[in-house]
Amino acid sequence: MHTAMKFNLPTALTWLRIVLIPVFVGVYYLPASALSMPHKNWLAMTVFALAAITDWADGYLARKWGQTSAFGAFLDPVADKLMVISALIVLVWLDRADASLAIIIIGREIAISALREWMAQLGKGKSVAVAFIGKVKTVAQITAIIALLLYQPVIPGINTVWLGTIALWVAAILTLWSMLHYLRLAAPHVAESDAPHPPPN
């Protein structure tokens, strides 16, 4: 029997994160007569920061209230990747981020998503679960995006542009490192799946 998709606050927060993506991108399409670039920067950063907060909140609440689900586990990383990829594309478009760094980060997200999907089909999904290095990479990534969206002095003595650029480089390096980590974990299963199997009796 078909059952309706269970809807709860954590799932709603994940959907909110997806809805905020076109809002965030649309800020920069507003005419200059309606909003100056510094104000666009602040508004876009605020929307992105709100989306990043929902990323933490939905996982925390789902675990605390016992509302985890297979659909939520699928939708959450999809929303995360859409959010980050959209932000990186906007930053490259605004000439605030190096395109090569954006390609590295986006390419890694696509590759690891495909790897996790393939491993899940083999029943080995936990073998490529999120590692600590991936969490550090995420922090560097969010820091870089927020700083480069602002693109103007905020904290005295700290160059926001330099902070964002350095954090993006750190995120790109950790992205490659974490990808190698996941590939190393998956390698034995790749070899196992490629090994010839005896014919059935």
Side-chain angles (χ1 to χ4, degrees), residues 9-62 72-110 112-113 130 133-156 158-176 178:
L9 182 57
T11 301
L13 289 174
T14 304
W15 278 115
L16 174 62
R17 189 152 73 257
I18 294 175
V19 170
L20 286 175
I21 293 171
V23 175
F24 155 75
V25 175
V27 167
Y28 287 104
Y29 282 91
L30 293 173
S33 58
L35 209 61
S36 66
M37 183 56 76
H39 286 97
K40 288 180 181 180
N41 291 339
W42 272 102
L43 181 55
M45 184 280 295
T46 301
V47 173
F48 181 84
L50 176 60
I53 291 171
T54 67
D55 180 21
W56 168 82
D58 60 12
Y60 172 77
L61 294 176
F74 157 77
L75 188 64
D76 184 63
V78 170
D80 296 345
K81 288 169 178 55
L82 288 174
M83 180 180 70
V84 170
I85 290 172
S86 299
L88 289 173
I89 292 173
V90 167
L91 290 173
V92 171
W93 173 54
L94 294 172
D95 200 24
R96 299 181 187 179
D98 191 307
S100 61
L101 299 182
I103 290 171
I104 288 173
I105 295 173
I106 294 172
R108 178 266 187 195
E109 296 295 350
I110 295 172
I112 295 302
S113 293
V130 176
I133 186 176
K135 296 180 180 180
V136 176
K137 182 266 300 179
T138 299
V139 171
Q141 206 165 249
I142 298 299
T143 300
I145 292 172
I146 288 177
L148 292 174
L149 284 174
L150 280 173
Y151 215 65
Q152 55 202 28
V154 178
I155 304 174
I158 296 180
N159 187 313
T160 306
V161 177
W162 273 102
L163 172 63
T165 302
I166 291 171
L168 192 61
W169 272 99
V170 171
I173 292 170
L174 291 178
T175 285
L176 292 174
S178 64

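Note that the numbering runs from 1 along the sequence shown for the chain. For the numbers below, each heavy atom of this structure counts, side chains included, while hydrogens, waters and symmetry mates do not.
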Minimal non-hydrogen separation, R17 against D58, with atom names
NH1-OD2, 2.8 Å
What distance separates T54 OG1 from D76 CG, expressed to the nearest 0.5 Å?
8.5 Å
Going through the distances and angles, do I110 and K81 end up as a side chain to side chain contact (heavy atoms under 4.5 Å, CB included)?
CA-CA 9 Å; I110 295 172; K81 288 169 178 55; over 6 Å; no
All heavy atoms of I104 vs all of A172, minimum pair found to be CG2-O, 4.0 Å
Closest heavy-atom pair and its distance - V170, A140
CG1-CB, 4.0 Å
Could you go through the side chain to side chain contact (heavy atoms under 4.5 Å, CB included) check for V161 and Y151 one step at a time?
CA-CA 6 Å; V161 177; Y151 215 65; 3.7 Å; yes
CD/Q141 to CG/L101 distance, rounded to the nearest 0.5 angstrom?
11.0 Å
Roughly how far, to the nearest 0.5 Å, is CD1 of I105 from CD1 of I173?
10.5 Å
Shortest non-hydrogen contact between A79 and T14, atoms and distance
CB-CG2, 3.8 Å
If you apply the rule side chain to side chain contact (heavy atoms under 4.5 Å, CB included), what do you find for V25 with I89, and how did you get there?
CA-CA 9 Å; V25 175; I89 292 173; over 6 Å; no
For A147 versus T160, what's the shortest heavy-atom pair and its separation?
O-CG2, 3.1 Å
Other residues, nucleotides, ligands: >12 heavy atoms within 6.0 Å of W93 CH2
yes
OG1 of T165 to CG of L148: how many Å apart, nearest 0.5 Å?
5.0 Å
Quick one, L75 and I18 - any side-chain contact, counting heavy atoms below 4.5 Å?
yes
Taking it one step at a time, do R96 and N41 satisfy side chain to side chain contact (heavy atoms under 4.5 Å, CB included)?
CA-CA 12 Å; R96 299 181 187 179; N41 291 339; 2.9 Å; yes
Say you draw a straight line from CH2 of W42 to CE of M37; how long is it, rounded to the nearest 0.5 Å?
15.5 Å
Heavy-atom check, side chain of I145 versus side chain of L91, under 4.5 Å:
yes
I need the minimum non-hydrogen distance between M83 and A52, along with the two atoms involved.
SD-N, 3.9 Å
Can you tell me how far the OG1 atom of T46 sits from the CZ atom of F24, to the nearest 0.5 Å?
11.5 Å
